[in-house]
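Keep in mind that this is a model prediction, so the values were computed, not measured. Every chain is numbered from 1 and lettered A, B, ... according to where its sequence line falls, protein lines coming before strand lines. Values below: every heavy atom of this structure, side chains too, minus hydrogens, waters and symmetry copies.
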Amino acid sequence: MSGLDKIFDSVGSRSLFKNKRVLQSNYTPESIPHRDKQIEQIAGILAPSLLGEKTSNLFIYGVTGTGKTLSIQHVTNELMRRASENKILRVEYLNCKLKKVADTEYRILAELIKKLGGSVPATGLPTDHVYMKFLEILESGDEKLLILILDEVDQAVKKINDEFLYNLTRLNSELSNKQIIIIGISNDLRFLDSLDPRVRSSLSEEEMVFPPYNAVQLQDILKKRANESFKLGVVSEGVIAKCSAYAAREHGDARRALDLLRVAGELAERASSPKIKIEHIDNANDKIERDKILDIIETEPKQFQLVLYSILELIERAKKTKNSVFTGDIYNYYCDLCKQVKVETLTQRRVGDIIAEFDMLGLINATVISKGRYGRMREIKLVIPENILDRCRGILVEGLGL
DNA sequence: CGAGATTCATGTGAAGTATACCTTTAGGCTTAA
DNA sequence: AAGCCTAAAGGTATACTTCACATGAATCTCGTA
């Protein structure tokens, strides 16, 4: 038996997981603790849809990981189950945050059409044409109602404008025998205030707020899932408490807590530990943060990577001299870098926008400051933790062929 | 000395351009009657 | 004549550029005490 066989064979017996899926973020549990009230309320609002009646549009707030998406999905799943025979309902879920998938009006519509079974080219069509196509494909279906769930709408509106929401809410008047119910989900509590009053009133006919979980509730949730997910006796004393404490600090983000538990389990498994210990959670916390950032960096387009590399290098240098880094410095360094790699340089205008995007992504922190006589620029600070800087640089160097 | 003007380096908005892709339309070719 | 293919014409979204104006506090200027 080869050495590898041994490793492969031992996987089954060594695994700490009974059913890992339970801890993955796309898993929909049977019951959702501490959200009974909200679920009932949603169900109450959406119930008439079973009879094919148009219900109010619904708007839901709450910070990440408070069970918004889960609750909605739970209710709509039940609705679908009840409505499965008579085909009056259809539910579509769309996350508006996904870059390159749903970050423009055109792409959101294209994505919706795709989900409904049609197809549209990535570019070339006038937007109103795409609207027509959307209506067409909607009319062609059997279902009377479409429940459209737009997750993280605030992101979409920030990138586009609120007119497209208005267009969506107005589509109902163009549909002869179909109706659309829009459910908007947002993490940003102030989002509604920034909307045009017209859009606001039609989108948020009903509003709901999901409060964050407190540490006790988080523990409850984690316990339940841990029991389903891990084999008996695998979870050490205090692990659950620690996970929920971490997550409670992140304003009650349950998803974060579950991720933490799952990754901790994976780490423990990899380290051949028979139990998940508290130290695994600390490691998991680092790993999650790390993977998130590394993934963003890796998937960013080349020009963005060049800018980011410039930022990284300059901040590294500035650390020694205790100077700050500004837009101009970065642009100069970036230009040199482009020459070195033989890539076309973008204009400073564009690079400025790219820097702003990194700010949005949370990789850097860029604040506009005025240095009086010496101009006005963004002061740029890195948000990426020290301990993964080298790996970031590694990815960039490799990706750029430096 | 201090109020107001000046200045710098870039922020920021709007409009224009390049590219890649789409539909429509007209012409040319083939085919079947 | 009808059907099919192709190429040109006309159109769009997106990423980027160009142009022009906006910003805001350190510094300068100059009248005044």
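Residue F304(A) contributes atom CZ, which lies 8 Å from atom P of dA15(C) at whole-angstrom precision. For the pair E344(A) CD and dA15(C) P, the interatomic distance rounds to 17 Å; values are reported in whole Å. As a whole-Å value, the separation of R349(A) CZ from dA15(B) P is 14 Å. Distance, M132(A) CE to dT23(B) C1': 15 Å, rounded to whole Å. Nucleotide dG11(B) holds its P atom 12 Å from the CD atom of E379(A), rounded to whole Å. Rounded to whole Å, atom P of dC21(B) lies 14 Å from atom CZ of R107(A). The NE2 atom of H129(A) sits 14 Å away from the C1' atom of dG10(C) (whole-angstrom rounding). Atom-to-atom, CG of D353(A) to C1' of dT18(C) comes out at 13 Å; the value is rounded to the nearest Å.
A side-chain donor-acceptor contact under 3.5 Å links N77(A) to the backbone of Q73(A).
Counting non-hydrogen atoms under 4.0 angstrom, T367(A) reaches nothing in the nucleic acid.
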Checklist entry - What's the verdict on salt bridge (charged side-chain N to carboxylate O under 4.0 Å, His left out) for R81(A) and E78(A), showing C-alpha distance, side-chain angles and the deciding distance? => result CA-CA 5 Å; R81(A) 199 169 54 77; E78(A) 290 295 303; 2.8 Å; yes
Checklist entry - Taking it one step at a time, do D259(A) and R255(A) satisfy salt bridge (charged side-chain N to carboxylate O under 4.0 Å, His left out)? => result CA-CA 6 Å; D259(A) 279 345; R255(A) 183 172 6 189; 5.9 Å; no
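When each of dG24(C), dG13(B), dG11(B) is scored by its nearest atom to the side-chain atoms of S370(A), the top-ranked nucleotide is dG24(C). Side-chain proximity of R350(A) to dG13(B), dT14(C), dC16(C): nearest is dC16(C).
To the nearest 0.5 Å, the span separating OG1 on T64(A) from CG on D253(A) amounts to 4.0 Å.
Counting heavy atoms of neighbouring residues, nucleotides and ligands inside a 6.0 Å radius, atom NZ of K54(A) exceeds 12 of them.
For the residue pair S324(A)/E379(A), the side-chain donor-acceptor check at 3.5 Å is satisfied. Under 3.5 Å, the side chains of Y213(A) and Q219(A) contain no donor-acceptor pair of N or O atoms.
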Checklist entry - What is the per-nucleotide protein-contact pattern of nucleotides 1-10 of chain B, from the 5' end, where B denotes a base atom under 4.0 Å from a protein heavy atom, S denotes such proximity for sugar-phosphate atoms only, and - denotes neither? => result ------BBBS
